[in-house]
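Taking it in order: structure first as structure tokens, then the write-up.
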Amino acid sequence: MKLLEGKVALITGSSSGIGQGIAKKFAEEGSRVVINYSRSAEGADVTLAMVQEAGSDGIIVQADVTRTEDIRKLIDAAYEKFGALDILVNNAGMEKKAPFTEVLEADYDRVMAVNLRGPFFLTQYFVQKLQTAKMPGRIINISSVHEDMAFPGFTSYCVSKGGMRMFMRNLAVELGPMNITINNIAPGAIQTPINKNLLQDQGKLDALLMNIPLKRLGTTEDIAELAAFLASDKAGYITGSTYVIDGGLMRNYHEQ
Ligand code: BGC
């Protein structure tokens with residue numbers, strides 16, 4: 001039997017990058033998938049084709065996780081189409097680079113809204129629906145090594161990811177009695193559109209690779225493998241932790 005046979009999963013921001021990789025992997029493991037995008041309809045079409053290619057079924061729902069009515073639309077669509085929603089992957093995220101003294105309020109607000117407020121209220125509605133249906137559930141947040149590690153020039157991003165870490169820890173305690181598990185995956189440098197600028201700059205890329213003991217960037221498959229396991233029945237006793245996937249980046253230390 002496949003790992004996620006019979007399950008239904010919603011993955012936010014699954015029109016590209018890590019979200020798209022998770023949607024593909026979940027479909028390969030037998031899950032039906034709610035694909036979400038906020039702007040890239042073409043990307044979502046590509047994801048749906050991947051899901052169908054894997055022999056599974058999916059729907060595409062346009063929604064901005066920062067809007068309450070869109071959050072309801074997303075989850076209600078899963079129940080309408082598939083009659084259930086077992087797994088939520090809070091993946092949609094963004095970053096905005098600026099020295100601390102130059103961070104604009106509007107940029108700070110947007111980063112926090114997408115990376116933290118969105119997952120907060122999407123998860124709240126997901127859990128309310130599970131409570132009504134008396135069903136167990138799985139929540140996986142795609143966080144970052146920067147829920148723990150400093151990243152100068154990205155303070156609002158780090159604040160949002162640090163918040164996501166405590167969000168996860170709190171909910172592990174509060175939702176455990178409902179048989180709902182929650183964990184974070186903390187990726188390091190992965191080849192995705194969020195790293196577009198870095199990937200185009202060989203000097204910056206070489207400098208980054210110096211910090212990664214495994215000497216390569218991660219792939220979306222590297223992340224999706226663990227996400228599928230954490231979403232499965234096999235991970236039923238795992239809750240309240242962060243799993244780092246970074247090629248050793250966080251442990252890197254050298255002396256001359
Ligand atoms: C960020 C990337 C960064 C990586 C490693 C990720 O969370 O989105 O921009 O390269 O962490 O520092």
Side-chain angles (χ1 to χ4, degrees), residues 11-23 36-40 43 65-66 89-100 102-104 107-120 140-169 183-227 230 241-254:
I11 302 140
T12 64
S14 41
S15 56
S16 70
I18 291 172
Q20 186 172 67
I22 291 176
N36 158 249
Y37 74 96
S38 73
R39 276 168 317 200
S40 170
V65 295
T66 68
V89 182
N90 284 310
N91 166 76
M94 62 171 289
E95 63 189 31
K96 197 89 193 168
K97 185 172 188 185
F100 175 64
E102 288 166 31
V103 173
L104 300 175
D107 288 344
Y108 173 90
D109 288 346
R110 184 75 192 150
V111 168
M112 293 300 283
V114 172
N115 294 3
L116 195 55
R117 188 185 189 280
F120 191 108
I140 299 166
N141 300 319
I142 305 304
S143 161
S144 166
V145 289
H146 302 298
E147 69 162 51
D148 202 36
M149 188 170 73
F151 195 13
F154 292 88
T155 300
S156 47
Y157 182 73
C158 291
V159 169
S160 72
K161 296 300 185 179
M164 191 172 234
R165 183 168 75 167
M166 283 315 296
F167 174 63
M168 174 277 290
R169 290 182 179 182
N183 293 286
N184 284 10
I185 294 180
I190 312 297
Q191 283 180 53
T192 73
I194 210 170
N195 282 320
K196 196 169 72 231
N197 295 337
L198 178 88
L199 293 170
Q200 285 162 357
D201 185 329
Q202 196 58 45
K204 280 190 189 161
L205 193 56
D206 289 345
L208 175 63
L209 289 175
M210 294 272 293
N211 289 327
I212 301 177
L214 287 178
K215 295 293 168 217
R216 66 169 176 90
L217 293 191
T219 64
T220 59
E221 289 81 14
D222 290 326
I223 309 302
E225 288 289 339
L226 182 62
L230 288 175
S241 289
T242 293
Y243 298 91
V244 174
I245 305 181
D246 71 346
L249 175 69
M250 278 184 86
R251 300 288 173 253
N252 182 52
Y253 176 72
H254 290 281

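Sequence positions, counted from 1, serve as the residue numbers for this chain. Only a predicted model underlies this, so the values are computations on that prediction, with no experimental measurement involved. Both counts, for ligands and for their atoms, begin at 1 and track the order of listing.
A side-chain donor-acceptor contact under 3.5 Å links D222 and T219. Side chains of D206 and Q202: a donor-acceptor N/O pair is present below 3.5 angstrom, by distance only.
Residue Y157 has at least one heavy-atom neighbour below 4.0 Å for each of these atoms of ligand 1: 1 (C), 6 (C), 7 (O), 8 (O). In the vicinity of I194, heavy-atom distances shorter than 4.0 Å reach the ligand 1 atoms 8 (O). Listed by number with element, the atoms of ligand 1 under 4.0 Å from a non-hydrogen atom of H146 are 4 (C), 5 (C), 6 (C), 7 (O), 11 (O), 12 (O). The atoms of ligand 1 that sit less than 4.0 Å from any heavy atom of G188 are 4 (C), 5 (C), 6 (C), 11 (O).
Side-chain contact check for I245 versus L226: some heavy-atom pair is nearer than 4.5 Å. In this structure, the side chains of S144 and F151 stay at 4.5 Å or more apart for every pair of heavy atoms.
At the top of the distance list for atom 10 (O) of ligand 1, counting protein heavy atoms only, stands N195 OD1, 3.3 Å. Here the heavy atom of the protein found nearest to atom 1 (C) of ligand 1 is E95 OE1, 3.2 Å.
Here the options are I185, N91, I11, I22, the test is side chain to side chain contact (heavy atoms under 4.5 Å, CB included), and the partner is I140; only I185 passes.
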